[in-house]
Amino acid sequence: GRDSPILIAVTSATLQEDTEQIARGLASASHDAGRYTAYVSLKDGTAQSTPPELGYDELTLFMNTTSRSALESNLPTWRATYDVIVADLPAMLCMPVGVHVARVADGVVVALVENRMILPQDEQLRAFLARIGTPIVGVVEARSRRTVGAKFLKGSMATRTQLSGLPQE
């Protein structure tokens with residue numbers, strides 16, 4: 001039989017960390033382990049379709065319309081459908097829906113940029129999760145959003161004009 005569904009939130013204390021790669025990796029590993037998995041993007045932007053070879057479903061709630069009620073209306077369906085739900089949620093405490101996700105999550109994976117000093121936001125996130133009883137189930141090294149953006153632009157078909165504003169390495 002099917003075990004109880006698990007909701008894992010992948011988050012960070014600041015917007016500096018790139019949580020998407022970690023959340024997608026966790027969703028992929030869950031799928032590879034034989035679990036019916038959903039990757040849920042809880043951030044702004046446009047939905048992207050998941051390539052079929054990834055094996056997990058991709059769901060999106062947009063930050064400009066995401067509210068606690070929108071999450072609450074979707075969560076029972078997700079829990080009835082999937083074995084594992086991985087919610088990609090940058091900077092959990094910076095958004096109202098993040099606080100709600102923390103309360104309903106079975107665990108949280110925290111993304112941290114390597115060699116970054118521990119900030120007050122890190123302690124606030126740890127203390128908040130401890131206070132509401134949501135366990136931190138892992139801390140994973142993340143890439144910096146600045147590095148991700150710069151690498152994407154430099155590696156794309158961007159023109160010299162588009163790149164002219166970037167600092168040169």
Side-chain angles (χ1 to χ4, degrees), residues 3-51 54-64 66-68 70-72 74-75 77-79 81-116 118-119 121-149 151-152:
D3 293 332
S4 296
I6 299 170
L7 171 60
I8 300 292
V10 178
T11 194
S12 57
T14 72
L15 287 172
Q16 179 181 347
E17 288 84 7
D18 178 33
T19 57
E20 182 176 357
Q21 180 183 17
I22 295 165
R24 287 184 181 279
L26 184 58
S28 183
S30 173
H31 165 74
D32 292 348
R35 300 298 201 159
Y36 188 39
T37 304
Y39 162 84
V40 180
S41 177
L42 293 167
K43 51 187 171 180
D44 55 1
T46 57
Q48 298 176 350
S49 60
T50 303
L54 291 179
Y56 55 82
D57 290 351
E58 182 167 321
L59 311 168
T60 304
L61 289 179
F62 298 102
M63 293 314 303
N64 57 350
T66 300
S67 66
R68 180 176 174 165
L71 184 66
E72 285 176 343
N74 284 286
L75 195 55
T77 302
W78 295 343
R79 285 197 185 264
T81 304
Y82 298 100
D83 299 319
V84 178
I85 304 147
V86 179
D88 179 10
L89 184 66
M92 180 177 277
L93 295 181
C94 293
M95 56 189 77
V97 73
V99 172
H100 182 63
V101 171
R103 292 182 192 284
V104 298
D106 298 297
V108 173
V109 173
V110 178
L112 278 173
V113 171
E114 183 182 23
N115 296 324
R116 177 173 70 69
I118 299 299
L119 300 171
Q121 294 96 315
D122 297 309
E123 286 301 322
Q124 291 166 356
L125 178 60
R126 185 201 57 73
F128 170 73
L129 292 171
R131 189 169 58 252
I132 65 170
T134 301
I136 295 175
V137 295
V139 177
V140 180
E141 180 184 335
R143 297 183 300 178
S144 165
R145 287 187 181 280
R146 265 181 293 192
T147 303
V148 172
K151 285 183 180 175
F152 172 76

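We're numbering straight along the sequence, starting at 1. Note that the structure is predicted; figures quoted are calculated from it, not measured.
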message: Run Tyr56 and Arg35 through side-chain hydrogen bond (donor to acceptor under 3.5 Å, both in side chains) and show every step you take.
response: CA-CA 9 Å; Tyr56 55 82; Arg35 300 298 201 159; over 6 Å; no
field: Verdict with reasoning, Thr19 to Asp88, per side-chain hydrogen bond (donor to acceptor under 3.5 Å, both in side chains)
entry: CA-CA 6 Å; Thr19 57; Asp88 179 10; 2.5 Å; yes
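Nearest heavy-atom pair across Gly34 and Asp83 is O-OD2, 4.5 Å. Between Thr134 and Ala105, the shortest heavy-atom distance links the atoms CG2-O, 3.8 Å. Residue Ala111 comes nearest to Ser12 through the heavy atom pair O-CB, 3.6 Å, listed as atom of the first residue, atom of the second, then distance. Annotation for Ser30 and Thr37: closest pair OG-OG1, 2.7 Å, computed over non-hydrogen atoms.
Rounded to the nearest 0.5 Å, atoms CD (Gln21) and OG (Ser28) are 11.5 Å apart. Atom CZ of Arg131 and atom CD of Gln124 lie 9.5 Å apart (nearest 0.5 Å). To the nearest 0.5 Å, atoms CG (Leu125) and CD1 (Ile136) are separated by 6.0 Å. For the atom pair CD (Glu17) and CG (Leu112), the distance works out to 5.5 Å, reported to the nearest 0.5 Å. Going from atom CZ of Arg79 over to atom OG1 of Thr77 covers 12.0 Å, rounded to the nearest 0.5 Å. Expressed to the nearest 0.5 Å, how far OG1 of Thr11 lies from CG of Leu89 amounts to 4.5 Å.
Distance alone, capped at 3.5 Å, is enough to place a donor-acceptor pair between the Asp106 side chain and the Leu7 backbone.
Under the 4.5 Å side-chain criterion, counting only non-hydrogen atoms from C-beta, Ile85 is not in contact with Ile6. With a 4.5 Å cut-off on side-chain heavy atoms, Asn74 and Val40 do not count as touching. Put simply, the side chain of Val108 reaches to within 4.5 Å of the side chain of Met92, judged on heavy atoms.
Residue Asp57 forms a side chain to side chain donor-acceptor pair (under 3.5 Å) with just one option from Trp78, Tyr39, Tyr82, and that option is Tyr82.
Here Glu123 pairs with Arg126 under the salt bridge (Lys or Arg N to Asp or Glu O under 4.0 Å) rule; sequence neighbours left out.
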